A.B. asks: 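There's a structure below that I have some questions on.
For clarity, every value in this text was computed on a predicted model and none was experimentally measured. A note on names: the letters A, B, ... follow the listed sequences, proteins ahead of strands, and every chain is numbered from 1.
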Protein chains: 2
Amino acid sequence: MPVLADPSIDQHGARQRILDSTAELIIEHGVAGVAQRQIAGRVGIRAASLYHHFASKNEIVEAVFRRGIDVMEHAWDEAAERTRGADPRTRLAAHIRAHLSALFDHGPYTAAHVTAFRTAPATVRDAVVPMRDAYEARWAAFLGELATDGELADGTPVGLSRLALFGAMNTTVEWFDADRGNLDELADTITHQFWNGVAA
Amino acid sequence: MPVLADPSIDQHGARQRILDSTAELIIEHGVAGVAQRQIAGRVGIRAASLYHHFASKNEIVEAVFRRGIDVMEHAWDEAAERTRGADPRTRLAAHIRAHLSALFDHGPYTAAHVTAFRTAPATVRDAVVPMRDAYEARWAAFLGELATDGELADGTPVGLSRLALFGAMNTTVEWFDADRGNLDELADTITHQFWNGVAA
DNA sequence: TGGCGTCCCTAACGAACGTTCGGTAGGGTT
DNA sequence: AACCCTACCGAACGTTCGTTAGGGACGCCA
């Protein structure tokens with residue numbers, strides 16, 4: 001059972017760098033707009049060498065999308081644990097902030113997922129959909145719980161409200177600049193708008 | 001000055017059908033994922049024949065995006081005229097409904113725009129950005145007016161709120177089925193959520 | 001020392017891409 | 001009758017695409 005320092009790091013390093021570059025390029029150009037020679041160029045290898053790490057382009061793309069969900073779920077779990085037993089509004093705020101963290105703080109994977117998943121090849125989508133549904137189910141369960149606890153206004157269409165919230169959060173990747181803006185402020189604004197609305 | 005029945009209709013008909021097919025395909029696969037042979041196939045002509053109507057693929061794509069904005073602006077104008085002098089909440093509801101109408105009732109152009117514009121070639125984006133900004137400016141002016149009239153809660157970040165609303169509206173194209181769902185209900189839900197929030 | 005696995009290379013494949021070319025069928029004008 | 005314009009075609013161009021084949025350098029283990 002050999003313990004190697006550099007090789008094993010590089011091994012994962014190459015895979016990682018391939019996925020990183022692919023995710024960044026997907027955000028910019030969409031899945032179909034990314035060529036493997038582009039990916040390889042960013043990583044610093046030749047296109048053919050990608051096949052040492054992945055069996056096909058679709059496999060790379062699928063790995064990016066899966067990672068995007070992984071990141072979201074980890075962010076969710078961390079927020080859930082941190083706010084266990086807290087009041088509903090605090091828990092909601094934590095989960096919104098966690099989702100935005102997944103989009104901006106933990107690599108380009110989640111952002112690539114939410115912007116490009118819909119236009120990916122059907123085979124890729126079908127393979128990832130179950131994972132994706134599992135994450136959405138967490139939100140659905142959480143908001144459903146709030147509803148049955150009487151925390152939401154009567155007659156609130158929980159499913160539609162969740163999707164509207166998702167829309168508000170996910171499209172931030174199109175305009176929010178994490179380097180210049182304040183992510184906490186953004187999360188507070190979205191949370192407040194979802195919870196209280198904008199009316200005087 | 002000859003007045004021809006079929007030829008002139010067909011002339012515009014071909015252009016129209018090219019744009020229609022392109023917009024539909026862009027929604028599904030993104031700009032880079034659409035081949036001209038695919039477009040031509042839907043229209044019922046050969047790829048080379050597209051060049052009789054447009055000078056390049058990018059020109060077709062640009063025309064689709066411009067049309068998407070046209071549709072939004074017409075919907076805006078119609079809503080503005082219809083609710084002139086009405087109370088703020090009624091006007092807001094009308095404009096939200098109008099934007100959703102642009103997405104679902106008036107062809108695939110606006111939906112293609114909001115889903116694929118970001119990943120389009122830079123040359124196409126740059127040519128369309130001014131038009132796009134003009135539409136957003138209408139919303140910004142409207143919401144700014146509401147704010148100065150004291151209709152919005154103090155301290156409401158109007159710019160961020162507008163973008164969050166855009167996100168909620170535009171991502172409906174990813175999950176809302178206009179054939180099965182009720183667009184009026186959807187508009188009411190989004191309006192209510194934006195205005196009042198979901199809290200009890 | 002010799003063999004093996006990892007990691008990447010050059011070279012090339014067929015397919016698909018956007019685009020160009022020359023041509024043709026048919027209606028309209030002169 | 002001669003001509004032109006519109007709308008489209010088949011064939012081909014050069015380029016880029018995803019992918020495959022085969023090989024070389026390097027470190028590890030027997």
A.B. asks: Between dC8(D), dT19(C), dG18(D), which one does the side chain of Y51(B) approach most closely?
C.D. replies: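 Side chain of Y51(B) sits closest to dT19(C).
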A.B. asks: Could you give the NE2-to-P distance, from H53(B) to dT6(D), as a whole number of Å?
C.D. replies: 12 Å
A.B. asks: Only one of R67(A), R132(A), R138(A), R66(A) passes salt bridge (charged side-chain N to carboxylate O under 4.0 Å, His left out) with E73(A); say which it is.
C.D. replies: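 Checked R67(A), R132(A), R138(A), R66(A) against E73(A); only one passes salt bridge (charged side-chain N to carboxylate O under 4.0 Å, His left out): R138(A).
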A.B. asks: Among dC8(C), dG18(D), dC8(D), which is the nearest nucleotide to the side chain of A14(A)?
C.D. replies: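 Of the candidates, dC8(C) comes closest.
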A.B. asks: Select one nucleotide: of dG18(C), dC8(C), dC9(C), the one nearest the side-chain heavy atoms of A48(A).
C.D. replies: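 Among dG18(C), dC8(C), dC9(C), the one nearest the side chain of A48(A) is dC9(C).
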A.B. asks: CD1 of I18(B) versus C1' of dT6(D): gap in Å, rounded?
C.D. replies: 14 Å
A.B. asks: Between W195(B) and L152(B), is any pair of side-chain heavy atoms under 4.5 Å apart?
C.D. replies: yes
A.B. asks: Does any donor atom in the side chain of Y109(A) or D70(A) lie under 3.5 Å from an acceptor atom in the other side chain?
C.D. replies: no
A.B. asks: Would you check if L163(B) and T172(A) make a side-chain contact, meaning some heavy-atom pair closer than 4.5 Å?
C.D. replies: no
A.B. asks: Given atom NE2 of H52(B) and atom C1' of dT6(D), what is their separation to the nearest angstrom?
C.D. replies: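 Taking NE2 of H52(B) and C1' of dT6(D), I get 5 Å after rounding.
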A.B. asks: Please report the distance, rounded to the nearest Å, between CZ in R37(A) and P in dT15(D).
C.D. replies: 14 Å
A.B. asks: Look at the side chain of A47(B) and decide which nucleotide, out of dG10(D), dC8(D), dT19(C), has an atom nearest to it.
C.D. replies: dT19(C)
A.B. asks: Taking the side chain of S56(B) as heavy atoms from C-beta outward, which of dT19(C), dT19(D), dT6(D) is closest to it?
C.D. replies: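 Closest nucleotide among those given: dT19(C).
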A.B. asks: Starting the side chain at C-beta, find the nucleotide from dC8(D), dC8(C), dT19(D) nearest to K57(A).
C.D. replies: dT19(D)
A.B. asks: Are V34(A) and F65(A) connected in the hydrophobic side-chain network, where two residues link if heavy atoms are under 4.5 Å apart?
C.D. replies: yes
A.B. asks: Just how far, in rounded Å, is P of dT19(C) from CG of L50(B)?
C.D. replies: 10 Å
A.B. asks: Looking only at N and O atoms, is any donor in the side chain of R46(B) or the base of dG10(D) less than 3.5 Å from an acceptor on the other one?
C.D. replies: no
A.B. asks: For dC9(C), take OP1 and OP2 only and decide whether either is under 4.0 Å from a side-chain N or O of S49(A).
C.D. replies: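 Answer is yes, contact under 4.0 Å.
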A.B. asks: Please report the distance, rounded to the nearest Å, between CD in Q36(B) and P in dC8(D).
C.D. replies: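 The distance from CD of Q36(B) to P of dC8(D) comes to 15 Å, rounded to the nearest Å.
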A.B. asks: V34(B) near the nucleic acid: base, sugar-phosphate alone, or nothing, with a heavy-atom cut-off under 4.0 Å?
C.D. replies: sugar-phosphate
A.B. asks: Rounded to the nearest Å, what distance is computed from the CD1 atom of residue I39(B) to the P atom of nucleotide dC17(C)?
C.D. replies: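 About 11 Å, once rounded to whole Å.
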A.B. asks: Mind calculating the distance between CD1 (I45(A)) and P (dG24(D)) to the nearest angstrom?
C.D. replies: 20 Å
